[in-house]
Amino acid sequence: MSLRSEQPIYESSRARCERDLVHEVQLLTFDVSHQYVLLVASGPDQWRLPGFLSKEVSDSSIEGVCSAAKTVIGIEFPFLVLRHCYSEELSVETPNLSATKVRAILVAQCHEKSQEVPSGCSWVAITNDHRAGVVHVSHSEKEAEQAIRRELEQTVANVTPPRRVPWASVGWYQETLRKVREILDGHNVHVMGELVQIRASSRGAVLRIKTNESNYYLKCSASTSNDAGVTSIMSNVVPDLVAKPLFADVERRQMILVDHGDETSFCGLEDKACKQGVRDLARLHRASAKVLPDLLEAGLPCYSPLWMRENLNSLFQCKELLPMLETEERQKLSSIKVKLQDDLTELVDLEMPTCLIHNDTTSGNLTRKGADEGPGVRFFDFDSSFAGHPLFDVDWCNRDILEPYAQEMDIADIDGLLGLTGKVFFNLAPLVDAYRYLDMVREAEDGAPREDALHWLEDSVRFLLP
């Protein structure tokens, strides 16, 4: 049987995902009272989660998940995706291609308990009349089954685990919608309808706000970043490079932005426009160095070469990392430490200022300035940003593109700079990632968010190995 773009699945199967190169997304959906959960009967008193298989839609595409839930599963009632409770990444290698697919369980909440449910599904009480235990939901993976049970038990007990991000909690959406309407009304802008989830994960959330004027976006950051803080500060310092948010709550790490328009990246700019964008990046670096204390106070993490050099032992010996590595891998890490220290020392000796590193402009997060503004770009989405050496933002191993950057930064030795960019990109960028992901592990909620961060930490460290 040929596989459609999306197909419903009621019995989870890793083998099928690997064979057909598809994602598997299942929904643990609670009603508005959180006393019932939407399940599929698979036998007497036996239940599974509804879900779908898809070649295109993964767990990160919230709009795609909602669309597939409607068109494939048949869920017509509106619901919100709160969080992941289980996630597994599959790396599939075939003679012709290499692919990564995801198997995930998303926790969702509907706005009301609809009596119309998809064929084969039922609203099932989470506990029996005597509250003796939660309903049993089976899954092909034991860890996933345990994660489902943990979610059900926490719901019955009305428990919010430590370190859960606000947007993954019950009640956050309605309160946020009320606040958004209040804020926009103060600007004579009126919200039309519900907020639309674009992204929701342990790393951040983005919701689209349709208004009588245009689309706006609500952006929320996790504790390891602060897009609202960085955007607010930099839009005051270089307003031609960073657009000012309509509203920003730096303490809560939330802001409202007008639609940026068409997105581009350094890879998407033609030669002349790319060189101007590089000059703009240098200006952003120089301007941010002058307000670095303000950025750090707002929550921007700092991974300077000097700090990383002094903390290599702490990273390589941390309790979060060691259990994931074999003895040989630990020995390899120890052997490359001196090389990493030498590379970091080269960056320290270059004496460029520690500044804001955007860290995500290669494939997006730029917009072109309007025709009436002259050439150049604006920068947005600072969720992956940190304070560090400027060369961590310079991943173009191209002398012609690097030259205007060097001129803006008053560096005469372009060839020497080019040699260093290669070391940064291939040797030190994974090191920064390792430090970032270690911080995420330590801040993440137990369960899927922490497991995801541990996976990213492991991958970044393995990139360092010879």
Side-chain angles (χ1 to χ4, degrees), residues 204 206 214 216-217 219 221 225-248 250 253-302 352-396 401-411 417 421:
V206 179
S214 63
Y216 287 78
Y217 290 87
K219 181 73 182 293
S221 299
S225 64
N226 193 345
D227 195 357
V230 173
T231 300
S232 297
I233 293 169
M234 295 311 300
S235 63
N236 285 326
V237 177
V238 277
D240 63 317
L241 298 181
V242 179
K244 189 176 184 65
L246 180 74
F247 166 83
V250 176
R253 301 171 188 258
Q254 299 178 5
M255 65 178 170
I256 297 174
L257 294 160
V258 71
D259 193 332
H260 291 295
D262 292 337
E263 182 179 7
T264 188
S265 66
F266 279 123
C267 290
L269 297 173
E270 64 276 7
D271 184 67
K272 185 176 179 181
C274 185
K275 289 180 178 178
Q276 180 57 51
V278 166
R279 293 187 184 94
D280 289 338
L281 179 63
R283 286 181 53 220
L284 184 75
H285 285 168
R286 291 170 61 183
S288 67
K290 298 175 182 178
V291 291
L292 187 61
D294 296 333
L295 292 168
L296 296 177
E297 186 177 350
L300 184 71
C302 183
M352 295 177 75
T354 299
C355 66
L356 170 67
I357 306 303
H358 186 288
N359 197 37
D360 195 14
T361 57
T362 302
S363 56
N365 301 320
L366 304 179
T367 56
R368 299 173 191 263
K369 292 181 180 178
D372 57 335
E373 298 177 286
V377 297
R378 281 193 173 87
F379 301 85
F380 67 95
D381 194 350
F382 294 93
D383 256 349
S384 299
S385 299
F386 59 91
H389 195 281
L391 291 190
F392 282 105
D393 245 356
V394 180
D395 55 3
W396 338 284
I401 299 297
L402 188 61
E403 187 171 356
Y405 180 85
Q407 291 171 348
E408 285 287 336
M409 298 296 284
D410 297 323
I411 297 174
L417 194 66
T421 60

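Positions are given from 1 along the sequence.
A donor and an acceptor atom, one from each side chain of Asp259 and Ser214, are nowhere located under 3.5 Å apart. Residues Ser385 and Asn359 bring no donor and acceptor atom of their side chains to less than 3.5 Å of each other.
Among residues two or more places apart in sequence or in another chain, the side chain to side chain donor-acceptor pair (under 3.5 Å) test is passed with Thr361 by none. With sequence neighbours left out, the ring-ring contact (aromatic ring centres under 6.0 Å, His included) criterion links His389 to no other residue. Qualifying ring-ring contact (aromatic ring centres under 6.0 Å, His included) partners for Phe386, counting only residues two or more places apart in sequence or in other chains: Tyr303. For Tyr217, the ring-ring contact (aromatic ring centres under 6.0 Å, His included) test picks out no residue, with sequence neighbours left out. Residues passing the side chain to side chain donor-acceptor pair (under 3.5 Å) test with Lys290: none are found, sequence neighbours excluded. With sequence neighbours left out, the salt bridge (charged side-chain N to carboxylate O under 4.0 Å, His left out) criterion links Asp360 to no other residue. The side chain to side chain contact (heavy atoms under 4.5 Å, CB included) check on Asp271 picks up Lys275, Ile401, with sequence neighbours excluded. Scored by the ring-ring contact (aromatic ring centres under 6.0 Å, His included) test, Tyr216 finds no partners at all (sequence neighbours excluded). With sequence neighbours excluded, the residues satisfying side chain to side chain contact (heavy atoms under 4.5 Å, CB included) with Thr362 are Cys267, Asp395. For Arg378, the side chain to side chain contact (heavy atoms under 4.5 Å, CB included) partners are Ala243, Thr367, Lys369, Glu373, not counting sequence neighbours.
Under the 4.5 Å side-chain criterion, counting only non-hydrogen atoms from C-beta, Asn226 is not in contact with Leu300. Contact of the Val230 side chain with the Asp383 side chain is not registered, since no non-hydrogen atoms from C-beta on lie closer than 4.5 Å. At a threshold of 4.5 Å between non-hydrogen side-chain atoms, the residues Met234 and Leu284 count as touching. Side-chain contact between Leu269 and Arg368 is present, with heavy atoms from C-beta onward closer than 4.5 Å.
Of the charged side-chain nitrogens involved, none lies within less than 4.0 Å of a carboxylate oxygen, so that Glu408 and Arg283 do not count as a salt-bridged pair.
When all heavy atoms of Met255 and Ala228 are compared, the closest pair comes out as SD-CA, 3.6 Å. Asp280 and Gly376 get closest at one heavy-atom pair: OD2-CA, 3.1 Å. In terms of heavy atoms, Ala298 sits closest to Ile233 at CB-CD1, 3.9 Å. For the residue pair Leu296 and Cys302, the shortest heavy atom distance occurs at CD2-CB, 3.9 Å. What you find for Pro245 and Ala248 is that their closest heavy atoms are CG-CB, 4.0 Å. Nearest heavy-atom pair across Pro390 and Val394 is O-CG2, 3.6 Å.
Checking each of Gln254, Arg253, Lys219 against Asp227 for a side chain to side chain donor-acceptor pair (under 3.5 Å) leaves exactly one that passes, namely Lys219.
Asp393 places no side-chain N or O within donor-acceptor distance of the main-chain N or O of Ile357, the cut-off being under 3.5 Å. A distance-only check finds a donor-acceptor pair linking the side chain of Ser235 to the backbone of Ser232 [under 3.5 Å].
Identified under the ring pair (Phe, Tyr, Trp, His ring centres under 6.0 Å) test for residues 262-293, with sequence neighbours left out: Phe266-Trp396, His285-Tyr405. Pairs passing the ring pair (Phe, Tyr, Trp, His ring centres under 6.0 Å) check and including a residue from residues 356-378, sequence neighbours excluded, read His358-Phe382.
Going from atom OG1 of Thr231 over to atom CZ of Phe379 covers 12.5 Å, rounded to the nearest 0.5 Å. Atoms CG and OG1, from Leu366 and Thr264 in turn, are 6.5 Å apart once rounded to the nearest 0.5 Å. Atom CE of residue Met409 and atom CG of residue Leu281 lie 8.5 Å apart, to the nearest 0.5 angstrom.
Heavy-atom contacts from other residues, nucleotides or ligands closer than 6.0 Å to CD of Glu263 number more than 12.
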